[in-house]
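Atoms considered below: every heavy atom in the structure, side chains included; atoms not considered: hydrogens, waters and symmetry mates.
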Amino acid sequence: QVQLVESGGGLVEPGGSLRISCAASSGLLDGYTIAWFRQAPGKEREGVSCVSAADGSTHYSDPVKGRFTIFRDPYDNTAFLQMNGLKIEDTGVYYCAADRKPDYHCAQFLGGVVDMDYWGQGTRVTVYS
């Protein structure tokens with residue numbers, strides 16, 4: 001069983017940067033695919049980024065491609081989402097999720113085809129002008 005805790009959200013102006021973290025408070029993230037999702041007010045949850053446990057490949061949704069970077073620190077048992085060039089439309093609650101089902105891939109997780117097994121409680125990111 002993995003328990004995930006996000007942190008690092010906050011207020012930022014457009015064009016600014018934030019790095020949010022996803023730490024495993026229990027269990028290990030080794031062998032898990034890690035993904036970030038977000039939910040804006042009044043909108044459905046959407047997949048943002050994912051790093052595959054199988055080969056370490058990273059995946060991004062089109063709105064964040066080129067601005068966000070997902071990476072993981074296996075020694076700290078933590079995953080991160082570096083967000084640069086933030087836009088107002090990036091505002092929302094960001095959730096990290098983990099899964100180790102071997103038959104599914106990042107595209108399926110991000111697209112909502114398959115739900116991930118473990119979720120954090122979310123961290124709020126607000127981009128305002």
Side-chain angles (χ1 to χ4, degrees):
Q1 182 97 14
V2 173
Q3 293 183 335
L4 304 174
V5 180
E6 300 97 332
S7 61
L11 302 174
V12 64
E13 293 182 343
S17 297
L18 275 178
R19 178 179 293 183
I20 55 179
S21 304
C22 173
S25 62
S26 68
L28 298 174
L29 290 180
D30 186 39
Y32 283 82
T33 289
I34 307 297
W36 287 95
F37 296 79
R38 68 185 181 188
Q39 187 164 20
K43 295 187 177 181
E44 292 187 355
R45 188 179 68 197
E46 63 173 337
V48 174
S49 183
C50 179
V51 55
S52 170
D55 59 7
S57 59
T58 56
H59 305 259
Y60 300 92
S61 65
D62 286 342
V64 308
K65 202 169 292 183
R67 300 187 296 122
F68 290 11
T69 303
I70 187 171
F71 59 100
R72 57 198 304 172
D73 183 342
Y75 302 104
D76 272 348
N77 212 29
T78 304
F80 302 90
L81 186 67
Q82 176 68 41
M83 304 183 291
N84 298 329
L86 283 162
K87 303 177 181 180
I88 291 175
E89 52 263 42
D90 294 320
T91 293
V93 178
Y94 283 69
Y95 301 90
C96 72
D99 196 284
R100 63 186 307 168
K101 292 191 285 286
D103 295 333
Y104 299 100
H105 307 286
C106 275
Q108 294 167 300
F109 292 129
L110 292 181
V113 174
V114 180
D115 202 13
M116 301 187 79
D117 285 340
Y118 303 103
W119 292 80
Q121 83 291 347
T123 185
R124 186 175 299 276
V125 173
T126 303
V127 185
Y128 72 102
S129 60

Using the test side-chain hydrogen bond (donor to acceptor under 3.5 Å, both in side chains), find all partners of Ser52 that sit at least two apart in sequence or belong to another chain. Asp55

Within 45 degrees of the axis of the six-membered ring of Tyr94 and under 6.0 Å from its centre: does Arg38 put its NZ or CZ there? no

side-chain contact (heavy atoms from CB on, under 4.5 Å) assessment of Arg72 paired with Ile34: CA-CA 9 Å; Arg72 57 198 304 172; Ile34 307 297; 3.8 Å; yes

Considering non-hydrogen atoms only, spot the tightest contact between Leu86 and Val12 and give its length. CD1-CG1, 3.5 Å

Return each pair, listed once, that meets ring-ring contact (aromatic ring centres under 6.0 Å, His included) where at least one residue sits in residues 43-84; pairs must be two or more places apart or across chains. Phe71-Phe80

Test applied, side-chain contact (heavy atoms from CB on, under 4.5 Å); reference residue, Leu29; option that passes from Asp73, Thr78, Asn77: Asn77

Could you pull out all residues at least two apart from Asp62 that satisfy salt bridge (charged side-chain N to carboxylate O under 4.0 Å, His left out)? Lys65

Would you say that Tyr104 contacts Asp99 through its side chain, given a criterion of any heavy-atom pair below 4.5 Å between the two side chains? no

Hphob cluster co-occupancy, Val64 + Tyr95, side-chain heavy atoms under 4.5 angstrom: no

Per-pair distances, 0.1 Å, donor-acceptor, side chain in residues 121-129, under 3.5 Å, sequence neighbours excluded:
{"residue": "Gln121", "atom": "NE2", "partner": "Glu6", "partner atom": "O", "Å": "3.3"}
{"residue": "Thr123", "atom": "OG1", "partner": "Gly9", "partner atom": "N", "Å": "3.0"}

Just to verify, what does Glu89 make a salt bridge (charged side-chain N to carboxylate O under 4.0 Å, His left out) with, not counting sequence neighbours? none

I need the Trp36 CH2 to Ser61 OG distance, nearest 0.5 Å. 14.0 Å

Quick check: closest heavy atoms across Leu18 and Gly8, and the distance to 0.1 Å? CD2-O, 3.8 Å

Between the CD1 atom in Ile70 and the CD atom in Gln82, the distance rounded to the nearest 0.5 Å is 12.0 Å

Heavy-atom pair of closest approach, residues Val51 and Gly56: CG2-O, 3.8 Å

Kindly compute the distance separating CG (Asn84) from CZ (Arg19), expressed to the nearest 0.5 Å. 9.0 Å

Report the C-alpha distance between Arg67 and Asp90 in whole Å, list the side-chain angles of each, state the deciding distance to 0.1 Å, and finish with yes or no for side-chain contact (heavy atoms from CB on, under 4.5 Å). CA-CA 11 Å; Arg67 300 187 296 122; Asp90 294 320; 2.7 Å; yes

Shortest non-hydrogen contact from Leu110 to Ala35? CD2-CB, 4.2 Å

Could you tabulate the donor-acceptor pairs under 3.5 Å formed by side-chain atoms of residues 112-120, not counting sequence neighbours?
{"residue": "Asp117", "atom": "OD1", "partner": "Lys101", "partner atom": "NZ", "Å": "3.0"}
{"residue": "Trp119", "atom": "NE1", "partner": "Met116", "partner atom": "O", "Å": "2.8"}

